[in-house]
Amino acid sequence: MSARLVVLVSGSGTNLGALLEACADESYGATVAAVGADRDGIEALQRAEQAGVPTFACRLSDYPTRDDWDAALTDAVAEYEPDLVVSAGFMKILGKRFLEVFPTVNTHPSLLPAFPGAHAVKDALDYGVRITGATVHLVDAGVDTGPVIAQTAIEVFDGDDEDSLHERIKVAERVMLVDVVGRMARDGWQVIDRRVRLG
Ligand code: GRF
């Protein structure tokens with residue numbers, strides 16, 4: 001049986017696109033049941049619609065408090081009964097209630113714990129690191145602090161700007177995310193002392 005994914009997005013959705021492509025092959029072991037966003041009118045939602053996947057948007061500004069938004073997002077995602085939630089470029093911190101209900105993985109464009117937060121690629125460039133990359137991790141209550149599942153390293157080239165570096169990271173990030181989510185869907189996972197074991 002295929003694991004049900006809900007994918008959360010905020011932007012262009014190339015990671016979502018890679019997951020949708022992988023899910024088209026039955027042997028991958030997962031299906032995108034729905035795609036949720038924190039805003040309307042983004043390319044990622046168009047990708048989902050083109051693939052015939054249900055979408056929803058849950059905007060923080062539509063709720064009086066962050067807790068109300070958290071509850072609404074939890075309810076919206078729960079409708080699709082996911083086995084796993086994938087935060088793929090979702091630019092909001094998920095709330096306590098949400099994380100109590102759904103196992104969630106996030107993909108982040110740096111080698112955590114270096115450069116957490118929303119400007120990871122710029123922060124890595126500004127710092128002057130020669131190697132950066134991407135991390136897929138389980139989401140906990142902190143900002144990009146959850147147990148690491150997989151990482152991929154990318155060299156910073158002389159002359160890189162934020163866009164060129166991020167594009168190179170994203171190519172490797174998509175491959176890693178698809179690999180990790182597929183393994184979690186097919187084989188399960190366990191966490192012992194912050195170490196994530198797949199299968
Ligand atoms: C990815 O690099 C992700 O790690 C970061 O934003 C980017 C999203 O890209 N948080 P996309 O929307 O999947 O194309």
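Positions are given from 1 along the sequence. We count ligands from 1, going down the list as the structure has it; atoms in each ligand are counted the same way. These numbers come from the heavy atoms of this one structure, side chains and all, not from hydrogens, waters or symmetry mates.
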His137 and His108 aromatic ring geometry - parallel, tilted or perpendicular at 30°/60° bounds: perpendicular
Quick note on ligand 1: atoms under 4.0 Å from a heavy atom of His108 include exactly 4 (O)
If we number the atoms of ligand 1 from 1 as shown, the ones under 4.0 Å from a heavy atom of Thr107 are 3 (C), 4 (O)
Would you mind checking which non-hydrogen protein atom is closest to atom 5 (C) of ligand 1, with the distance to 0.1 Å? Pro109 CD, 3.9 Å
Sorted by chain and number, sequence neighbours left out, side-chain contact (heavy atoms from CB on, under 4.5 Å) with Ala124 holds for Phe115, Val129, Thr132
Nearest neighbour in protein (non-hydrogen) for atom 12 (O) of ligand 1: Gly13 N, 2.7 Å
Is it the case that Asp67 and Thr65 place a side-chain donor and acceptor less than 3.5 Å from each other? no
Can you pull out the closest protein heavy atom to atom 9 (O) of ligand 1? Residue, atom name and distance to 0.1 Å, please. Lys170 NZ, 3.2 Å
Can you check whether Arg168 reaches Glu155 side chain to side chain, under 4.5 Å on heavy atoms? no
Donor-acceptor side-chain pairing of Thr135 and Gln151 below 3.5 angstrom: yes
When you measure from atom 8 (C) of ligand 1 to each heavy atom in Ala134, Gly89, Gly17, which option holds the nearest one? Gly89
Arg174: heavy atom below 4.0 Å from ligand 1, yes or no? no
Distance from atom 4 (O) of ligand 1 to nearest protein heavy atom, with residue and atom: Glu173 OE2, 2.4 Å
Arg183, CZ atom: more than 12 neighbouring heavy atoms under 6.0 Å: no
Can you report which non-hydrogen protein atom sits closest to atom 7 (C) of ligand 1, along with the distance? His166 NE2, 3.9 Å
Same apolar cluster (I L V M F W Y, side chains within < 4.5 Å links), Leu60/Leu94: yes
